[in-house]
Every structure is written in C-alpha cells, then in structure tokens.
There are 2 protein chains.
Amino acid sequence: MEKRKPDVAQICQTIWQSIVEKKLRPGTRLKEEQLSEVFGVSRARVRQVLAVLQRDGLVSIIPNRGAFVSEPDADEARDVFYLRTKIEERVVERLVERISEQDINRLEGHLKKELAAQAKGDRLASVKLSGEFHMLLATLAESTLLHGILQALVVRSSLVTVMYRREEMHDCGPDEHRELIDIIRSGDKKGALQCMQTHLKHIEDELDLSQNDVSSRDLWQVFK
Amino acid sequence: MEKRKPDVAQICQTIWQSIVEKKLRPGTRLKEEQLSEVFGVSRARVRQVLAVLQRDGLVSIIPNRGAFVSEPDADEARDVFYLRTKIEERVVERLVERISEQDINRLEGHLKKELAAQAKGDRLASVKLSGEFHMLLATLAESTLLHGILQALVVRSSLVTVMYRREEMHDCGPDEHRELIDIIRSGDKKGALQCMQTHLKHIEDELDLSQNDVSSRDLWQVFK
DNA sequence: ATTGACACGAATGTCAACAATTATGTAGTC
DNA sequence: GACTACATAATTGTTGACATTCGTGTCAAT
C-alpha cells in the first residue's frame, strides 16, 4: 500500500479489495479527507477515485453528503447478471470469429495463474483473477464499448457476490474457463454461447437472491 | 446559452446538441480553456463535463493530449444497438410487470410532446424527445443500473445516427412509441418485447453501417 | 419534557495559481 | 535542402486554499 506513485487505479483496486474481503461493509461512509490521509494523496485525487468507483457502481455519491459503499438490492443483482450474460454472449460471438493463436496464448497464460492461485488456496487472488479472465475476453474482442460496460459489471458482480453469497459457496473455479477457451478455439459459436451462459448461470445460482429486506443504513434513501 | 447557473448537465446537453446538429464534427478537438471561455465557467468544471462526456462515449480523452469528439466505427455502432436492444428488452419486461396508471400517464404526456415537435417540424427537439422517451421507460422500470447504462447508450446512439445516417433517412417517428405504450399497458410481455425489438431494428436499419473507412483524424490513434 | 430555532463545526464543492508534459518553431549541421 | 537538437509557447494535470452546504448540539420557549 506504500507505493511511490499512488495511481488512481491502484487506489480503486485497494478499496475494491477491502470490500471483497469484507473489511468495508456496504453502507460504510467514505470520507474524502480520511481517504486522502490513508493513501497519502491529495483530496482531489480521492475525488477522482470516488468518481470512478461510482461509475463502477461500488459507491454511491450523494451531493453534499458524501460517498458510501453501495448496497445493491436483489433486483439490481439480477440485472447485473442478466446484463453480464448478454454482453459476454456478444463478446464470445465476436471472439469465435476473430480469435488468433496469440490470443489463445494470452488466455492460456492467464488460466495458468488462476490454477496457481487456486492451488495455493489464495481466495482473494482467485476472485480477482477470475474477473480479469472475463475482462481479458472483452479486451481480445476489441470492443471498447463492451469492455467499458463489462468492467463496471464485473466489479459490481464482486460486490453482489460478497453481499449475497451462501455460506457454503465454493469459488467459481477455473475449470469452466478451460472449457470456454477450448470451445472458442474450436469455432463452435453456438456451443461457446451455451458454455458462457451456463458458466454465468452457475455463478448466479450460487447466490441467495431471495432476501428482499432493506438494510438499516438504506433507510434515509428509502424516503428519498 | 447565457444561463445564470451553468450546470454540468446543462453544458453537456449543449455540447451534445452541437454534435447532433453537426456543428461539431467527430474528431474535433475540444480545448479546455476554450470551452471554459465559451460557457463562462471555470476550467475545473469543464473538466468534469469532459469526464461525463467521456463516460457517455461522446468524447475520447487522451492523457496529456486533450479531448476529441468520438468517432465510433461501424462495429461499435452495431454494438450500441445490440446492447440497447438487450437492455430495453429487460426494461420492457420489468415494465409489463409493474406498470401503474400514473406511469402510463407520464408516458402519454411525453408522447404528446413528441407529436407536437413532429408537427412543428422541429427536428432537434424530435431527436431529443425520442431519446428521452426511452430514458423515461428505464426510469419507470426503477433500475438505476439499467438506467445508467442506457443513458450512455442513448447518447451514443445520437452520435452514431449523425455519423451513419443515410441522406433520405426519416425520423424515428412517435408512432411506434404509441404502439409500445399500448402493448405494455395490455400486459402482453411477448408482444411488448417483439415491439421493442422491431422498433430498435427500424432505427438501426435506417443507418448505413457498410463503410469501414477510418477518418483522417483517427490516424494517430491507429498507431497507438 | 419536548419541540423549535439558532449557531457552531465538519465535510463537501469550487476556484485560481502552479507544475508537468507536449507541440511547435528555429537554428545549426551534414 | 533535409534532418536533428534545442528552446519556447501552449495545453493539460495537480495542488492547496477558500466558499458553501449539511449535520449536530445547545438553549430557550411552550
């Protein structure tokens, strides 16, 4: 955390990590001055960070009130996975058409990292790498639009997962990623679509989206 | 343009208008100081405006280089409409389930404005109102996620439309919006989905997405 | 005792000057 | 004459101080 040039992305990542590790709970207030002290940067930069985090849906900024860690409700969680599915379908579609050997190599390389993290039992790294795998797919699809929106959705997915995961939930293992790579390489568009769909469905099915209760901190938002 | 309290949204809208009216062509550079003079605001605020415009995909910001009006290629244009379709399908789905009489009234009221603008032949207002109709649907669907993403896509749609519209293109008339309202109210989910699909397809079909040439100003982006 | 208003404190929002980076024009050399 | 190196000008990026807004605690009045 003691980096020489604390980049905006760096700080975002650290905050994201804290949320995934449950060190920061949804609803927590994030004071600008506080953050600027912790990270040793100017408040202006903290402001940029919060803007990015808001765009990714990790925090909600209320004018003249401050920034809070978001508390997406079950409906929003479902929307996130619905959209992810639709976008990643499109990504896969394009990848099947234009994938190169070099692309395959990058995917294989990433998969290796995922397997290593799993073997070591490093859960945080696993979650992070899993998300990055999906972002890598979008990158290779060469669509800045899909990439940009998916970025926000993947980040949101982590938050949703933290909030609604069942206790006995196991990690989204890299096995299905292996499958995806193979089927994309084979050029089977329909199969690839199916594979992506079930992969994302598996992740969503691991969640418990039945609860619709409103957290206590949401109260003042309820009354607008 | 001489507003007393030039809001960020206000300025964004004005710039958006200028692009739709072809007063600002894709690739045009937007200097911060220049903008701050024109709108009579501080450069810091211009910076916020540009950030929002970048998020909506209207401008591309290159570090230490400046901001330019985006030039989405045909592929991106297709992605925009693909995503819009998927998102608005979801919006319609939710609306059919939870629409209220009050909601219908708001839609009817908006439709009236659209018809008035069309009758007056006010093309700019027509384009603007048409986009707002779709945003209103998302608002009524009560999903901040769908709303936020759709916002960016609708704005991008305008830009894409300006760039790729055929000469003889006629406006996206309010007739199909009328149809949509009726079928949503009827509760026919399948029909509503179909209606939204064809509506968006009509808009996309009015475009000529065959050209794949790179505009001259993109050159330096090509070489990374 | 409860409620209302007022004032104080703290956090956010805004701005203008300063620093860093990039583009441009000029001179010098081969 | 063309190409490189340097100096200058223009533009973006950053910082710290100032203004504004909102929450909180106190006090008085009913």
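Predicted model only: the values in this text are computed from it and were never measured. Convention: sequence-line order gives letters A, B, ...; per-chain numbering from 1.
A salt bridge is absent between A:Arg166 and A:Asp205: the closest approach of a Lys/Arg side-chain nitrogen to an acidic carboxylate oxygen does not fall below 4.0 angstrom.
Atom CD1 in A:Ile62 sits about 10 Å away from atom P in D:dG23, given to the nearest Å. Per the geometry, CD belonging to B:Gln48 stands 15 Å off C1' belonging to D:dG13, to the nearest Å. Between the P atom of D:dT12 and the CD atom of B:Glu37 lies a distance of 12 Å, rounded to the nearest Å. Here C:dA11 presents its C1' atom at 14 Å from CD1 of A:Ile61, a figure rounded to the nearest Å. Per the geometry, CZ belonging to A:Arg45 stands 5 Å off P belonging to D:dT14, to the nearest Å. With rounding to whole Å, A:Arg43 atom CZ is found 13 Å from D:dT15 atom P. In this structure, the NZ atom of B:Lys31 is 18 Å from the P atom of C:dT22, given to the nearest Å. Following rounding to the nearest Å, A:Glu33 (CD) and D:dT15 (P) show an atom-to-atom distance of 15 Å.
Partners of B:Asp56 according to the side chain to side chain donor-acceptor pair (under 3.5 Å) rule, which considers only residues two or more places apart in sequence or in another chain, do not exist here. Scored by the side chain to side chain contact (heavy atoms under 4.5 Å, CB included) test, B:Leu35 finds B:Leu30, B:Phe39, B:Val46, B:Leu50 as partners (sequence neighbours excluded).
The listed nucleotides are D:dT14, C:dC15, C:dT14; the one nearest the side chain of B:Arg47 is D:dT14. In this structure, of C:dT12, C:dC15, D:dT12, it is C:dC15 that holds the atom nearest to the side chain of B:Ser42. Taking the side chain of A:Asn64 as heavy atoms from C-beta on, and the options C:dG13, D:dT15, D:dT12, the nearest nucleotide is C:dG13.
For the residue pair B:His110 and B:His177, no side-chain donor N or O sits within less than 3.5 Å of a side-chain acceptor on the partner.
Under 4.0 angstrom from either OP1 or OP2 of D:dT12 there lies at least one side-chain N or O belonging to B:Arg29.
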